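Here the structure is a predicted model, which means the values were calculated and not measured.
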Amino acid sequence: MTLRLHDTATRSVRDFVPREPGKAGIYLCGVTVQSGPHIGHMRSAINYDVLRRWLIHSGYEVRFVRNITDIDDKVLAKAQEAGVPFWQIAYANELLLGRMYDALGVLPATVEPRATGHIPEMFTLIEQLIERGHAYAAGGDVYFDVRSWDRYGELSGQRPDAMQSSEGEARGKRSPLDFALWKSEKPTEPQDAYWPSPWGRGRPGWHIECSAMSWRYLGEEFDIHGGGLDIQFPHHENEIAQSKAAGFGFARYWVHHALLNLGGEKMSKSIGNVIDLDALVAKGLRPVEVRYYMAAPHYRSTIEYSDDAVREAAVAYKRIEGFVLRATETLGDVPPGVLGAEFVAAMNDDLNTSRALASVHEAIRHGNAALADRNLKAARGALSTVRAMLDILGLDPLHEQWREAKGDDLLRPAVDALVALALEQRNAARARKDYPAADAVRDQLKQAGIIVEDTPHGPRWTLGS
RNA sequence: GACAGGGUGGCCGAGUGGUCCAAGGCACUGGUCUGCAAAACCAGUAUUCGCGGGUUCGAAUCCCGUCCCUGUCUCCA
């Protein structure tokens, strides 16, 4: 069975056939680091992290390139506002982004290149485009000549003739549709944001960096290009035009993920309807629960954010976690084993994580039943398959990523001994049928954040609320 | 206006021609277990898929119309 992926360019689900057997090259449009990341960015990161893990599991050697766009109009505007160099703003936000990836268990990219580190590659590309008659210099600017590329619109379905052109004619453009590859310096912009170029001092246009970096790290043609639905046009359309006009084969599959909405609109810094990971943590959610929330719906479905929905996701995840922890308590460490067939089928079906999770929950139900029946063999099987499936989604509760803070390892035996003391008293009370006293012990522990549950083999405790 | 994608139970969310009187989760109800709980398990909870037509032996799934929602429209606010 092979992976099938939705390809935006053909608007269809296609078998994934890598350019080179056993290898997969992915370019993901990362973030423009104009400000700190919000949970909309997290969705992108998590969706592609799942794709990547699935490809790795499927035996591919994955080269995963996720860029940082560290220069653009907004970064410069923020820098001017703050009175600091643009790269200071960009780098500070890049660090925040990295922290967010770590917190959510997003695997580090193979390489995370920055736009400003690839100016020479841009020059080569731009010169190639000029030579081929698809770009022209005008003053100190260089524009891509959209009319010279008749496949323009192939990705988004936009027809150049039908497009509304923007207000205000830019200087030197032959057509309002043309877009800048290189922008000449302006007196109103920070003077430390420019590079010398064959066309005079200036800085990159918005789209050229991705063409340059994908070329640098993945070659002229690569397997998958990803990004949010909102940058399909113009950004990806322009990327295709540039790269193909330069003679590259470019991306073979275009995978776009849907957005995270809040209040009926996409979460966006400019609209101001943003929530970041810290805000969710402040609501009592753990990053792993947030990851579950983002990974559970299909990647091409819009998520309308709501507090209720995240909380519901947290409850669902706790059910998963509860099984894994309880099963491990009775079975000992059972390593991840073989995936369920339904899970595999679901993942291969355009990464249908929703369906895949349904099979996880079913396995858990069977596992819980097996535990209750003391059918250890069946329980062991369920645990190993559940852990394997969760591992693909980056949600295995036993993975080091999700272990509580380090001190926890030392604290736990100590708390365990104290709780055992309290439970001895409770047991004594129960033995003499003094239930009010027994319940008082349980209630007091609960107030301290320790939940006591009775099992056929004695009480167990967990932290919780 | 153009282009793209959606509208499924109380909620979240899969399902794109028959096995769907619609997966899974949450919530709720009843049961088992328990001293009582909790957890877990079992059972129940949409004859129905925005609305109106049509195609078909058969439609949530295809077609037409209609209403509503989201994204995008280029040196992006």
Protein-nucleic acid N or O pairs under 3.5 Å, nucleotides 16-22 of chain B:
none

* **Those residues that, when tested against A/L418, pass side-chain contact (heavy atoms from CB on, under 4.5 Å) (two or more places apart)** => none
* salt bridge (Lys or Arg N to Asp or Glu O under 4.0 Å) with A/E362: which residues, sequence neighbours excluded? -> none
* Structure fact -> Per-nt protein contacts along nucleotides 31-41 of chain B (heavy atom under 4.0 Å; B base, S backbone sugar-phosphate only, - none) come out as ----BBBBSSS
* Structure fact -> Its contact letters, B for base, S for sugar-phosphate only and - for none at protein heavy atoms under 4.0 Å, make nucleotides 5-10 of chain B read S-----
* Can you name the ring-ring contact (aromatic ring centres under 6.0 Å, His included) partners of A/Y194, sequence neighbours left out? -> none
If you look only at distance, which donor and acceptor atoms sit under 3.5 Å apart when one is on a side chain in residues 425-433 of chain A and the other is two or more places apart or in another chain?
from	atom 1	to	atom 2	distance (Å)
A/R426	NH1	A/D454	OD1	3.2
A/R426	NH2	A/D454	OD2	2.9

* Quick one: does A/Y143 reach the base of B/rU74 with a side-chain donor-acceptor pair under 3.5 Å? -> no
* Asked: Which residues pass the salt bridge (Lys or Arg N to Asp or Glu O under 4.0 Å) test with A/R132, sequence neighbours left out?
  -> none
* Check RNA chain B for consecutive Watson-Crick or G-U pairs with both distances under 3.5 Å and list the runs of at least three as stems. => B:1-7 with B:67-73, B:10-12 with B:24-26, B:28-32 with B:40-44, B:50-54 with B:62-66
* **Sequence neighbours excluded - salt bridge (charged side-chain N to carboxylate O under 4.0 Å, His left out) pairs with any residue from residues 293-303 of chain A** => A/R300-A/D350
* Using the test salt bridge (Lys or Arg N to Asp or Glu O under 4.0 Å), find all partners of A/D178 that sit at least two apart in sequence or belong to another chain. => none
* **For A/T32, side-chain contact (heavy atoms from CB on, under 4.5 Å) partners two or more places apart** => A/T69, A/D72, A/V75
